[in-house]
Amino acid sequence: MSSDEKPSAPRSLAEALRARDDASLAALLRARPDLVTPVPTDLTQLATRAGTRASVVRALEHLDRFTLQTAEALAVAAEPAAYEELLGLMAGDARDAAVVAALPGAVAVLREQALVWGDDDRLRLVRTARELLAPSPQHPSPTGLGPSVREATAGMSPGRIQEIVTAAGLPSTHDAVSAVTALASLFGDRRRMGALLAEAPAESLEVLNRLVWGPPYGQVTADPAARLRWLLDRGLLLPTAPGTVVMPREVALHLRGGHAHRAPEPVPPAVEAAATRPPQVVDAAAAGQAYTALATVEELLKDWDEGGPAVLRAGGLSQRDLKRTAVALDVSEPMAAFWVELAYAAGLIASDGEADERYAATPFFDEWLERPAAEQWVRLAEAWLAGTRTPGLIGGRDAKERTLSALGPGLDRSAAPEVRRRVLALLAGLPEGTAPTAESVLARLAWERPLRGPQRDDDLRSRLARWTLSEAELLGITGRGALSSQARALIGAAAHPHGPVTDRGTGSPQGPGDKLPFHHHTAPAHAPGPLSSAEQAVASASAVRLLAPLLPEPLDHVLLQADLTAVAPGPLHRPLADVLGVLADVESKGGATVYRFTPGSVRRALDAGRTASDLHAFLAEHSRTPVPQPLTYLIDDVARRHGHLRVGAASAYVRCDDDAMLNEILADKRADALRLRRLAPTVLAAQADPAALLDGLRAMGFAPAAESAEGDVLITRADAHRSPPRTAPEPVPEGPPVPDGTLLTAAIRAIRAGDLASTAPRKPADDGAAQAPGALPRTSPADTLATVQAAVLTGEAVWIGYVNAEGSASQRVIAPVRVEGGFVTAYDHTADEVRTYPLHRITGVAELADDEA
């Protein structure tokens, strides 16, 4: 072929793929990862797999709206279609400038995804995509167009076709085919079609206007009205079934001014700003909410510290336990469900796996508590970003009408991580401190990943986006609706003075109005996509560095007040908070936490092994105000009475050196349920167990202490209950993962090698018979051995069929080096390395043609 000679046009998708370079094949496999699992044996198998219905449907679902509109237009164009015809369908007769500018990019994406192949003068949509998108009575085209004149008249009698041609003012023809061609030519000619419609009655034009944007089908009676008869006679409406007519595609395109779509959308809608605030205000608000998130999760886990709610038989948390948790956290039930699911996604809670199965904190929770607050938050944020469990679904019903419960099955939605990252990417594309309107974010996402069919406000992706915006605010990813600096760092979008984010793949700036395709075939090209583990570690460290100075410093003091309360004006150091949490009850939370001291709380501290002197010293050390006298009296009074009564196990008994106090207990009617009787002047026996006896006496206002069999006071600390070591739940992926660079390189190498083996020219067999394409060579063992030995002497390459130990057959091009012991050692052009093959696994061998030897 001379340098000036154009390469021949590809005759199939496989040939089109064969003409691609490795970078283009890598882009295809990255865009459609289902094609690489398992690795195709050659390019013909890759093309076949790319045309399967499941793969094509998945690829169409990942196109943006304009690219999908382009594919829909190709489905109603001629087969094959010239680029100019496609441009006319998309840009119309007026040649919309925005469409003209955007169309080459859309066609390039369709080509990259192997949904379209061929040169610009012969564009072909893959057959499966055409079947999915082309119009039919059962499945109308998304364009609203009906069948062409040729398709609509396929079952019509030749005589009737001639009648229509004559009524339309065309000369009669000798056959139906030429008549249909003449009619289609008339309908596609703007001038002649305009003249024909100028003669139409106004009522007939009104009928056409009702059908022009679809659906193109209408109902008629056996005796149509005059306005319909005029249209039927001239073929402007054609019968498709008894009582049903359709407007031919060519007629609709004329009335639409050539547009296949009512509203082509070449440019994505901009993300609009709702408010703009100083970035410092946004970061501070987000940091405050981040601290609240940490405090809420810690409070949740401490509420479940001695063993949380029981696990339902079907899995998950009961509605009653969720309600109790919401009350404990002082939040709504949906918000409580979010915190519970977040802790579960972060690996902080799990089932304990016992016979009486309950939820409990995991050992990782104790490790998490010891980390700095900024690192704790990053762990929660990373779990939220990557998690597929969707708290917003809780309370709804699954396909079997079963209620979806917190921590239960059925909450995974594989699209959740992608939607979260994409929403945050759109926020990152705005200037710092800018909060978007929710409606504009939803509109942008709907353009980037449209539904095939009518758009709805309640589709899953829209709900995921709404939940993302609200959950990001709860977690401190955003502050007052705008993305914080620490969140920008966490998702890999570096903060810039003026807001735009730079594409990691292209280096081009992203602004609110830039085109950001929302499909994973361009994920590496827009920021911030999923990061590698190394990149995520760097991003997380950066987020920790930005967040740490914004979080309040833990305090080592409280303010004691005369009304038996203590005010913590900020977060407390953990040892101080732990002791104070035992000694007092939390009365209110917020910017400052108020603790109240009660006889019960003081007794709880004494039960935990503290003495009155310990408590006085602790308060004096950690109070910035003098210890109030009422608090000192309270501690001394409870301590004086604490342990005066002793409860031990008989069934149970009460022991006290003060027989008057025992008389007081026996005389109290509230003790009737304990069924007490005197065994000795200082001992009462009870039918109740020791724990119930302790609770009963405390309810009567006494301060008993439990004692051991040896008579020693038992110290009753609350034992933390932990589940066995558990890993965080794995996200449920959406289809096959996008292959990394190493896998892509190896896959392309294997596909190229397999294609070389399957397409290498071969000499015909001795009997002159040609090998069927793709068939393995078949020769006898003796011929195989002789041919391979000859190739060793001549140094020529040969073509072999080989079946491996798993029974998989393949074709290979090898250059034999040595034959001995039933094995052939050869340089394998297919694998690009030296390999050894057992001769008994070679199905046959053939010589390559001279120009390939």
Side-chain angles (χ1 to χ4, degrees), residues 34 53-72 129 132-133 139-144 214-215 261-265 267-272 334 337-338 341 384-404 409-427 436-473 515-523 526 731-735:
D34 55 300
R53 183 181 179 87
S55 183
V56 169
V57 167
R58 178 177 172 79
L60 292 175
E61 288 175 347
H62 285 72
L63 298 177
D64 63 50
R65 181 166 292 161
F66 184 68
T67 306
L68 183 59
Q69 286 180 330
T70 302
E72 292 166 352
L132 288 168
L133 300 176
H139 304 285
S141 167
T143 63
H261 296 87
R262 190 167 199 162
E265 298 183 57
V267 179
V271 178
E272 299 172 357
F338 168 71
E341 284 288 341
W384 175 74
L385 277 172
T388 54
R389 291 184 63 82
T390 310
L393 296 172
I394 294 171
R397 295 191 175 272
D398 62 11
K400 296 182 178 179
E401 288 301 309
R402 294 174 299 196
T403 302
L404 296 170
L411 294 181
D412 283 289
R413 296 295 181 271
S414 56
E418 182 190 14
V419 173
R420 290 189 192 115
R421 284 196 173 272
R422 189 61 197 129
V423 169
L424 298 186
L426 293 177
L427 269 61
T437 62
E439 292 71 21
S440 66
V441 171
L442 294 177
R444 177 62 166 262
L445 294 181
W447 184 92
E448 292 177 339
R449 184 72 69 79
L451 292 172
R452 287 176 51 226
Q455 298 291 325
R456 304 189 310 274
D457 293 334
D458 63 341
D459 67 276
L460 177 62
R461 300 188 74 85
S462 296
R463 287 186 292 157
L464 286 171
R466 291 185 184 276
W467 293 332
T468 296
L469 291 171
S470 60
E471 291 169 4
E473 192 73 16
K515 182 178 180 180
L516 297 172
F518 185 40
H519 26 77
H520 68 118
H521 69 268
T522 53
H526 66 65
V732 177
E734 184 183 22

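Just so you know, these numbers use all the heavy atoms, side chains as well, and skip hydrogens, waters and symmetry mates.
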Problem set entry | Closest heavy-atom pair and its distance - Gly387, Pro417 | O-CG, 3.6 Å

For this session: Hey, could you give me the OG/CG distance between Ser462 and Leu442, rounded to the nearest 0.5 Å?
Result: 5.5 Å

Exercise. If we only count heavy atoms from C-beta on, is the Trp447 to Phe66 side-chain gap below 4.5 Å?
Worked result: yes

For this session: For the pair Glu418 and Arg422, find out whether any cationic side-chain nitrogen is under 4.0 Å from an anionic carboxylate oxygen.
Result: no

Exercise. Would you say Ser141's side chain and Thr143's backbone share a donor-acceptor pair under 3.5 angstrom?
Worked result: yes

Problem set entry | Beyond-backbone contact of Val423 with Val419, side-chain heavy atoms, under 4.5 angstrom | yes

Exercise. CZ of Arg53: more than 12 outside heavy atoms within 6.0 angstrom?
Worked result: no

For this session: Could you tell me whether the side chain of Arg65 and the main chain of Ala446 form a donor-acceptor pair under 3.5 Å?
Result: yes

Exercise. Does a side-chain heavy-atom distance below 4.5 Å link Thr403 with Asp398?
Worked result: no

For this session: Check whether any side-chain heavy atom of Pro142 sits under 4.5 Å from a side-chain heavy atom of His261, and report yes or no.
Result: no

Exercise. Any donor and acceptor pair, going by atom type alone, linking the side chain of Arg402 with main-chain N or O of Ala399 inside 3.5 Å?
Worked result: no

Problem set entry | Minimal non-hydrogen separation, Gly410 against Arg413, with atom names | O-NH1, 3.0 Å

Problem set entry | NZ/NE/NH1/NH2 to OD/OE distance under 4.0 Å, Glu61 and Arg449 | no

Exercise. Considering the options Arg463, Glu473, Arg420, Arg421, which one meets the side-chain contact (heavy atoms from CB on, under 4.5 Å) requirement together with Thr468?
Worked result: Arg420

Exercise. Do Leu393 and Leu404 come within less than 4.5 Å of each other through their side chains, counting heavy atoms only?
Worked result: yes

